[in-house]
Amino acid sequence: MHLHLAYPAVLAVLLFCVGLYGVLARRNAILVLMSVELMLNAVNLNLVAFDVWLRDSLHAGQALTLFTIAIAAAEIGIGLAIVLAVYRNRGSSAVDDLRDTAERPDDDPGDDPDDSDGNRDGGPGAPDAEAAPAQKAEATA
């Protein structure tokens with residue numbers, strides 16, 4: 001019995017395309033991580049299929065698949081930890097919101113043209129500086 005290589009190759013291409021679509025089109029970080037896992041599993045399927053098709057005595061494709069699975073497990077563990085930390089801080093796991101995580105340096109107080117006295121309080125309708133941590137604590141609870 002000889003394995004026909006077209007069937008697992010077509011399945012791997014379909015899995016990889018679904019994963020690629022998920023990475024490019026999804027906004028939720030968990031779904032993006034799941035899509036990356038689909039892409040890695042498509043690669044694993046190709047490695048095992050070519051290993052069987054070539055009848056490799058060392059089974060290098062299966063050994064590489066084990067390394068890929070170990071790397072994927074580490075990646076998903078670290079990725080989920082990062083996503084959970086971002087979700088706790090921001091309240092959302094949307095990938096578009098991650099762009100704002102870089103801290104920007106504060107501008108000089110005199111740079112704002114609307115604020116002639118160098119004060120950063122935002123005017124009479126702005127919340128107090130003491131109320132902001134309490135509001136953040138309520139939002140995270």
Flag side-chain contact, heavy atom, 4.5 Å: Val18 against Leu15 = no

ask   = Say you draw a straight line from CG of Leu38 to CG of Leu14; how long is it, rounded to the nearest 0.5 Å?
value = 11.5 Å

remark   = By side-chain contact (heavy atoms from CB on, under 4.5 Å), Tyr87 pairs with (sequence neighbours left out) Ser93

query = Can you get from Ile76 to Leu31 by hopping between Ile, Leu, Val, Met, Phe, Trp and Tyr side chains that sit under 4.5 Å apart?
reply = yes

Contacts of Leu11 that satisfy side-chain contact (heavy atoms from CB on, under 4.5 Å) - sequence neighbours left out = Leu45

query = For the atom pair CD (Glu75) and CG (Leu80), what is the distance rounded to the nearest 0.5 Å?
reply = 8.5 Å

request  = State, to 0.1 Å, how close Ala42 and Ala12 come at their nearest heavy-atom pair, and which atoms those are.
outcome  = CB-O, 3.3 Å

inquiry  = Quick check for you: to the nearest 0.5 Å, what is the distance between Phe16 atom CZ and Asn46 atom CG?
reply    = 10.0 Å

task = Check whether Leu58 and Leu64 end up in the same hydrophobic cluster, where Ile, Leu, Val, Met, Phe, Trp and Tyr are linked by side-chain heavy atoms less than 4.5 Å apart.
result = no

Parallel, tilted or perpendicular: rings of Trp53 and Phe50 (30°, 60°) = perpendicular

note = Rounded to the nearest 0.5 Å, the NE2 atom of His59 sits from the CG atom of Leu66 at a distance of 12.0 Å

ask   = Which atom names give the shortest non-hydrogen contact between Gly22 and Ser35, and what distance separates them?
value = CA-OG, 3.2 Å

note = Given the options Ile30, Asn28, Val32, Val95, Val83 meets side chain to side chain contact (heavy atoms under 4.5 Å, CB included) only with Ile30

message = Is it the case that the side chain of Asp51 and the backbone of Leu47 share a donor-acceptor pair, with hydrogens and angles ignored and the cut-off at 3.5 Å?
response = no

